[in-house]
Amino acid sequence: MIRMTDPVSKPLLEVRGLTKRFGGIAAVSDLSLTVAQGKILALMGPNGAGKTTTFNLIAGTLTPTSGTIIFDGQDISNFKPDERCKAGMARTFQITQPFDELTVIENVMVANMRFHRSMAEMRRDAMRQVEMVGLADRTNVYAKGLSTGERKRLEMARAMATRPKLLLMDEVTGGVDQKSIPGLLDLVKTLREEGQTLVIIEHNMGVINELSDRAIFMNQGVHMASGTPKEVAAHPQVVELYLGEETVDA
Ligand SMILES: Nc1ncnc2c1ncn2[C@@H]1O[C@H](COP(=O)(O)OP(=O)(O)OP(=O)(O)O)[C@@H](O)[C@H]1O
Ligand SMILES: [Mg+2]
């Protein structure tokens, strides 16, 4: 679609000079990035690169040593995690964190509670996300009884239930059995088609190529390369540090 007057679109998320030190280690060092509305940014890098720490800083579960986070036109650097959630940010975790003693539907209802006045409304709304992630036949199963792939789906349903403007997804395919991966990727594609803005942490270069508009490669907390996934994959330092040793299936 060609728009005659495409407005100068402000990024939905803008991170400036983000740094996090743990004692002597700079887990994230002077990182800047932007994510445009409706786009998918992939964060890449070897183990310990600072990817999850970056998510924790954006979502507010860690306080940065320095740096600024602008979200939807607002400086949210001093917002608490729940205030960031209310502002429209949601995340999924590398290690899934549902309430094990609650069922699938109850887990999602907890996430949509603030939008509804009755349990019936909460349940009806939650059912939409449960169906979207393909867990309709597991609605009343306790979260502790789910497979790893199902837990990842539940994480997505819980995150989507908060109606986020931005969704941060930490390793959707990580630790999941091979046969669950295509379904999880289809789910991300569905979100993309619905215009959901996403930042994904992902190791699998094939997945990054397929899903993301742009990628940033980090190493030891430092931004090393960014651009289209193909540009990043071709960057000499990325090849040396990553693609040489980690296979596409890493
Ligand atoms: N709470 C913490 N306290 C101290 N050091 C931490 C803490 N969290 C992370 N680190 C360190 O910060 C660095 C970055 O870790 P992080 O978890 O962000 O990496 P990552 O890129 O997500 O790696 P992976 O691919 O293994 O998930 C590592 O050296 C890690 O040991
Ligand atoms: Mg991580």
Side-chain angles (χ1 to χ4, degrees), residues 13 15-33 35 40-69 77 80-81 84 89-98 148-149 151-156 158-159 166-178 180-181 184-185 188 198-212 214-227 229 232-233 235 237-250:
L13 177 72
V15 167
R16 295 184 199 143
L18 200 61
T19 296
K20 179 65 182 178
R21 293 184 184 284
F22 295 111
I25 297 176
V28 176
S29 192
D30 196 21
L31 181 73
S32 296
L33 59 85
V35 188
I40 303 187
L41 172 72
L43 269 189
M44 313 166 54
N47 296 123
K51 305 178 298 292
T52 298
T53 303
T54 300
F55 268 20
N56 289 333
L57 295 168
I58 295 171
T61 47
L62 280 177
T63 308
T65 307
S66 57
T68 308
I69 299 166
S77 306
K80 296 193 181 69
R84 295 185 197 205
M89 223 184 242
R91 71 177 299 181
T92 65
F93 289 86
Q94 185 167 358
I95 298 163
T96 55
Q97 307 189 338
T148 310
R151 287 169 78 89
K152 295 264 177 182
R153 287 171 181 271
L154 177 56
E155 285 271 291
M156 283 201 222
R158 276 158 46 86
L166 174 72
L167 176 55
L168 309 168
M169 295 199 299
D170 200 344
E171 301 208 14
V172 171
T173 61
V176 171
D177 60 292
Q178 287 293 319
S180 298
I181 291 178
L184 287 165
L185 297 187
V188 179
L198 295 165
V199 184
I200 59 172
I201 293 176
E202 181 57 60
H203 283 286
N204 186 315
M205 201 58 225
V207 171
I208 292 169
N209 266 324
E210 204 175 327
L211 293 181
S212 63
R214 295 184 63 74
I216 292 183
F217 186 90
M218 301 171 70
N219 185 45
Q220 295 183 353
V222 179
H223 167 287
M224 301 210 72
S226 53
V232 173
H235 194 281
Q237 279 172 306
V238 175
V239 173
E240 187 187 324
L241 269 163
Y242 196 60
L243 299 170
E245 47 160 291
E246 294 213 31
T247 67
V248 168
D249 294 327

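Only this structure's heavy atoms are used, side chains among them; waters, hydrogens and symmetry mates stay out. Atoms within a ligand are numbered from 1 in the order they appear, just like the ligands themselves. Since this is a predicted model, take the numbers as computed values, not measurements.
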Undergrad: So, regarding A49 and ligand 1 (criterion: nitrogen or oxygen to nitrogen or oxygen, under 3.5 Å), is there a contact or not?
TA: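 Such a contact does occur with ligand 1.
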
Undergrad: What part of E171 sits under 4.0 Å from ligand 1 if we count only heavy atoms: the side chain, the backbone, both or neither?
TA: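 The answer is the side chain of E171.
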
Undergrad: Test side-chain contact (heavy atoms from CB on, under 4.5 Å) on R91 and T61 and set out the steps.
TA: CA-CA 11 Å; R91 71 177 299 181; T61 47; 3.5 Å; yes

Undergrad: Where the closest heavy atom to atom 29 (O) of ligand 1 is concerned, which of G221, G23, P46, G48 has it?
TA: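 Going through G221, G23, P46, G48 one by one, G48 has the nearest heavy atom to atom 29 (O) of ligand 1.
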
Undergrad: Measure the shortest side-chain to side-chain distance between L241 and M224 over non-hydrogen atoms and say whether it is less than 4.5 angstrom.
TA: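 Yes, side chains in contact.
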
Undergrad: Tell me: protein heavy atom nearest atom 9 (C) of ligand 1, and distance?
TA: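 For atom 9 (C) of ligand 1, the nearest protein heavy atom comes out as F22 CE1, 3.6 Å.
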
Undergrad: Atoms of ligand 1 less than 4.0 Å from H203 heavy atoms?
TA: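 This gives 25 (O) as the contact atoms.
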
Undergrad: Evaluate the 4.0 Å heavy atom contact test for atom 31 (O) of ligand 1: does a protein atom fall under the cut-off?
TA: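 Flag for atom 31 (O) of ligand 1 set to false, no protein heavy atom closer than 4.0 Å.
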
Undergrad: Report the nearest protein non-hydrogen atom to atom 25 (O) of ligand 1: residue, atom name, distance rounded to 0.1 Å.
TA: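 Of the protein heavy atoms, K51 NZ, 2.8 Å lies nearest.
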
Undergrad: Taking the Mg ion (ligand 2) as the centre, count the protein N/O/S atoms lying under 2.8 Å from it.
TA: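 Of the protein's nitrogen, oxygen and sulfur atoms, 2 lie under 2.8 Å from the Mg ion (ligand 2).
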
Undergrad: N/O of N47 under 3.5 Å from N/O of ligand 1, yes or no?
TA: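 Yes, there is a polar N/O contact under 3.5 Å.
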
Undergrad: Can any side-chain N or O of T65 pair as donor or acceptor with the backbone N or O of R21 at less than 3.5 Å?
TA: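 Side chain of T65 to backbone of R21: a pair is present.
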
Undergrad: Please report which non-hydrogen protein atom sits nearest to atom 17 (O) of ligand 1, along with the residue it belongs to and the distance in Å to one decimal place.
TA: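 The answer is T52 CB, 3.8 Å.
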
Undergrad: Using atom types as modelled and distance alone, determine if a side-chain donor or acceptor of E155 lies under 3.5 Å from a backbone N or O of Q97.
TA: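 Yes.
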
Undergrad: Taking all non-hydrogen atoms of both residues, which atom of T92 and which atom of M169 are closest, and how far apart?
TA: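 Taking every non-hydrogen atom into account, OG1-CA, 3.2 Å.
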
Undergrad: Can you confirm, on distance only, whether ligand 1 has an N/O atom lying under 3.5 Å from any N/O atom belonging to G50?
TA: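 Checking ligand 1 against G50, an N or O pair does fall under 3.5 Å apart.
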
Undergrad: The test is side-chain contact (heavy atoms from CB on, under 4.5 Å); show your working for V207 and E210 and say whether it passes.
TA: CA-CA 5 Å; V207 171; E210 204 175 327; 5.7 Å; no

Undergrad: Protein heavy atoms near atom 6 (C) of ligand 1, is at least one of them under 4.0 angstrom away?
TA: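 For atom 6 (C) of ligand 1 the answer is yes, since some protein heavy atom falls inside 4.0 Å.
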
Undergrad: Sub-3.5 Å donor-acceptor pair from the side chain of K152 to the main-chain atoms of E171, do we have one?
TA: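 Side chain of K152 to backbone of E171, a donor-acceptor pair under 3.5 Å: yes, one is there.
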
Undergrad: Please test V172 against M156 for side-chain contact (heavy atoms from CB on, under 4.5 Å), starting from the C-alpha separation and ending with a verdict.
TA: CA-CA 9 Å; V172 171; M156 283 201 222; 3.5 Å; yes

Undergrad: Please determine which of T54, V232, L43, V199 meets the side-chain contact (heavy atoms from CB on, under 4.5 Å) test together with I216.
TA: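 Looking at T54, V232, L43, V199, the match for I216 under the side-chain contact (heavy atoms from CB on, under 4.5 Å) is L43.
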
Undergrad: Is there a side-chain contact between L33 and L13 in this structure, where contact means two heavy atoms from C-beta onward sitting under 4.5 Å apart?
TA: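 Answer yes - side chains close enough.
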
Undergrad: List the closest protein heavy-atom neighbour of atom 27 (O) of ligand 1: residue, atom name, distance to the nearest 0.1 Å.
TA: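 Ranked first by proximity to atom 27 (O) of ligand 1 is Q94 NE2, 2.8 Å.
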
Undergrad: Check for a donor-acceptor pair, side chain of S212 on one end and backbone N or O of L41 on the other, with a separation under 3.5 Å.
TA: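 A pair under 3.5 Å: no.
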
Undergrad: Before signing off on this row, confirm whether G45 and ligand 1 have an N or O atom pair separated by under 3.5 Å.
TA: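 No; the residue has no nitrogen or oxygen that sits under 3.5 Å from a nitrogen or oxygen of the ligand.
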
Undergrad: Nearest protein heavy atom to atom 12 (O) of ligand 1, by residue and atom, and its distance?
TA: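 Here the nearest protein heavy atom works out to A27 CB, 3.2 Å.
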
Undergrad: Measure from the side-chain N and O atoms of R84 to the backbone N and O of I58, and report whether any donor-acceptor pair falls under 3.5 Å.
TA: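 Yes.
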
Undergrad: Between K51 and M44, is there a donor-acceptor pair closer than 3.5 Å when you use the side chain of the first and the backbone of the second?
TA: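 No; judged by distance alone, with no hydrogens or angles, the pair does not exist.
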
Undergrad: Any idea which atoms of ligand 1 are less than 4.0 Å away from a heavy-atom of T53?
TA: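 Checking each atom against T53, I get 9 (C), 14 (C), 15 (O), 16 (P), 18 (O).
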
